[in-house]
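Notes follow the structure.
Atoms within a ligand are numbered from 1 in the order they appear, just like the ligands themselves. The first residue in the sequence is number 1, and the count goes up from there. As a basis for the values below, the full set of heavy atoms in this structure was taken, side chains included, without hydrogen atoms, waters or symmetry mates.
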Amino acid sequence: MKPTILIVEDEPAIVDTIQYALETEGFETVCAGAGSPVPNLLSERRIDLIVLDIGLPDINGIELCKEIRKHSSVPVIFLTARSDEVDRVVGLEIGGDDYVTKPFSPRELTARIKAVLRRTCASAGSESPTAFAVMEAKRQICYFGEALTLSKHEYNLLKVLISRPGAVFSRDRLMDLAWEEPEASMDRTVDAHIKNIRAKLKAVRPDIDPILTHRGVGYSLKEDL
Ligand code: CA
């Protein structure tokens with residue numbers, strides 16, 4: 001079955017270019033010139049990935065991605081005309097999987113789409129990389145077959161990282177996802193918990209550090225475990 005890519009972009013020339021490139025590569029495409037049709041499109045048909053312009057006429061692409069994330073984990077690649085670092089980080093922080101800066105070549109975008117699809121398909125089978133096994137009911141995580149002894153927040157944090165290998169989570173985002181009362185804690189707390197988790201993982205496998213630190217941004221889980 002051909003993967004279906006939803007292109008959300010208001011500039012017809014860009015839509016045409018992307019659509020042509022993707023169909024040439026064997027993808028199905030669906031197009032929306034604004035953000036408002038997107039929720040319905042997602043509930044009506046199978047969408048494997050969204051190419052999402054940030055500058056849409058009716059809603060900011062970042063806001064739209066936040067809405068999408070409430071119901072769906074469909075991969076999102078942002079198109080942005082602004083190339084400064086803040087925008088890039090923001091794009092990843094709100095649950096996007098990658099971004100491409102305009103002007104971009106269709107070849108570059110196609111390569112990014114394929115990479116994201118490979119990544120998400122690889123983790124779709126088990127919902128987690130093979131090194132980890134999450135047993136939700138017991139609130140337990142096994143690492144290379146060994147059950148880890150984790151505190152409540154350590155478990156929540158690690159589960160978030162395992163849910164999307166390769167995705168960079170900011171400290172704020174980790175707090176939102178792993179704490180029930182995020183405002184009660186400080187940024188540093190995330191670092192402290194990550195440090196503890198790392199020590200526990202290291203006790204099982206001293207040769208691997210599966211958690212990557214992204215300076216000034218946050219953390220991700222290594223993809224190729
Ligand atoms: Ca636009």
| field | salt bridge (Lys or Arg N to Asp or Glu O under 4.0 Å) pairs, two or more places apart, involving residues 66-79 | value | E63-K66, E67-K70, R69-D97

| request: Give the atom name of whichever N/O/S atom in D10 sits closest to the Ca ion (ligand 1). | output: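 Sorting the N, O and S atoms of D10 by distance to the Ca ion (ligand 1) puts OD1 first.
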
| message | Let me confirm one number: the NZ-CG distance from K2 to D48, rounded to the nearest 0.5 Å. | response | 12.5 Å

| Hey, what's the angle at the Ca ion (ligand 1) spanning O (G55) and OD2 (D53), nearest 10 degrees? |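 Between O of G55 and OD2 of D53, at the Ca ion (ligand 1), the angle is about 80°.
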
| query | Relative to the ring of H153, is the ring of H193 parallel (under 30°), tilted (30 to 60°) or perpendicular (over 60°)? | reply | perpendicular

| message | Check this for me: does any side-chain nitrogen of one of E9 and K102 sit under 4.0 Å from a carboxylate oxygen of the other? | response |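 Counted as a salt bridge, because a side-chain N and a carboxylate O are separated by less than 4.0 Å.
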
| said: With respect to the Ca ion (ligand 1), please indicate if A81 possesses an N, O or S atom at a distance under 3.0 Å. | reply: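 So A81 does not bind the Ca ion (ligand 1) by this criterion.
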
| Can an N, O or S atom be found in E11 less than 3.0 Å away from the Ca ion (ligand 1)? | no

